[in-house]
Amino acid sequence: MEVKIQAKEIHKKYKKNHVLKGIDLTIHQGEVVVLIGPSGSGKSTFLRCLNYLEEPTSGTVSIDGEQLAEDKKLNNLRKKVGMVFQHFHLFEHMTVGENIAFAPRLLRVLKTKEDINTRVEDLLAQVGLSEKKEAMPHQLSGGQKQRVAIARSLAMNPEVILFDEPTSALDPEMVGDVLDVMKQLAKEGMTMVIVTHEMGFARQVADRVVFMAEGVIVEEGTPSEIFDTPKEERTKQFLAKVL
Ligand code: ADP
Ligand code: MG
């Protein structure tokens with residue numbers, strides 16, 4: 001399998017707080033990797049390092065074999081990686097359609113009004129929100145907002161999408177719709193790295209589950225290896241609390 005993202009020996013320190021302590025992770029084309037672990041273990045920080053929203057204190061991240069660095073090329077490589085956050089981060093003063101059209105229009109990925117409009121409508125259909133193009137974000141439920149956020153991320157044709165607890169801020173009855181959209185993306189071959197506490201979803205959709213604690217990868221394996229036969233004591237303790 002082709003390597004899509006390679007993180008090597010990633011360390012991140014905030015002042016004296018040594019948050020990531022040497023993380024190595026390779027993500028292959030089409031792979032769905034689910035990252036689990038206790039709160040504060042560095043999952044979000046690591047995810048942000050993967051697209052240089054956060055610059056690692058040391059270590060390297062490569063996308064398609066090209067190393068990320070704080071220079072001009074960063075924007076090009078970053079375009080390949082979409083991100084979906086726990087709290088949606090929609091542009092509140094724009095309609096749903098404008099939210100989705102914003103980046104491809106600004107970056108001239110789509111040039112004509114017709115192309116942009118068609119793309120917006122296709123994406124809204126894909127996330128089951130065809131009726132909401134003219135709605136404002138505040139008129140949507142949390143689950144609908146998150147599906148708009150996913151559509152917005154897809155609008156740039158990313159090759160990888162990073163999800164940071166995409167369903168943690170949702171009412172329970174909204175979670176399923178968002179997970180269904182993610183399942184469909186996985187089925188279509190999207191490369192995805194997902195931080196989540198939805199263990200049922202992880203078991204169903206992940207190719208690989210990675211358990212992180214205190215800034216290191218403690219253990220990784222198939223969902224069955226991690227959930228049914230964890231090897232490390234730390235993993236067992238965590239799973240005992242969340243399963
Ligand atoms: P998780 O996502 O696993 O809950 P985080 O990556 O959010 O963990 O946080 C790991 C540690 O890094 C925590 O101690 C947190 O306080 C610290 N941290 C995260 N982001 C920042 C930041 N921007 N500035 C300072 N400390 C941070
Ligand atoms: Mg987090």
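One-based numbering, in listed order, for ligands and for the atoms of each. Note that this is a predicted model, so its numbers are computed, not measured.
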Query raised in the report: At distances under 2.8 Å, what protein N, O or S atoms surround the Mg ion (ligand 2)?
Result: Ser44 OG
Quick one: ligand 1 N/O to protein N/O pairs below 3.5 Å?
from     : atom 1 : to    : atom 2 : distance (Å)
ligand 1 : 2 (O)  : Ser44 : N      : 2.9
ligand 1 : 2 (O)  : Ser44 : OG     : 2.8
ligand 1 : 3 (O)  : Ser41 : N      : 3.2
ligand 1 : 3 (O)  : Ser41 : OG     : 3.4
ligand 1 : 3 (O)  : Gly42 : N      : 3.0
ligand 1 : 3 (O)  : Lys43 : N      : 2.9
ligand 1 : 3 (O)  : Lys43 : NZ     : 2.8
ligand 1 : 4 (O)  : Gly40 : N      : 2.7
ligand 1 : 6 (O)  : Thr45 : N      : 2.9
ligand 1 : 6 (O)  : Thr45 : OG1    : 2.5
ligand 1 : 8 (O)  : Gly42 : N      : 3.2
ligand 1 : 14 (O) : Asn17 : ND2    : 3.3
ligand 1 : 20 (N) : Tyr14 : OH     : 3.4

Residue pair [X] / [Y], side-chain donor-acceptor N/O under 3.5 Å:
{"X": "Glu233", "Y": "Gln237", "result": "no"}
{"X": "Gln6", "Y": "Thr26", "result": "yes"}
{"X": "Glu165", "Y": "Ser168", "result": "yes"}

Query raised in the report: Is there a donor-acceptor contact under 3.5 Å from the side chain of Gln184 to the main chain of Val181?
Result: no
Between [X] and [Y] (salt bridge meaning N to carboxylate O under 4.0 Å), is one present in this structure?
{"X": "Lys231", "Y": "Glu219", "answer": "no"}
{"X": "Glu54", "Y": "Lys12", "answer": "yes"}
{"X": "Lys4", "Y": "Glu31", "answer": "no"}

**Report entry** Passing candidate, salt bridge (charged side-chain N to carboxylate O under 4.0 Å, His left out) with Glu66, options Lys80, Arg78, Lys73
**Finding:** Lys73
Query raised in the report: Quick one: is the NZ or CZ of Arg147 closer than 6.0 Å to the six-membered ring centre of Phe88, and within 45° of its axis?
Result: no
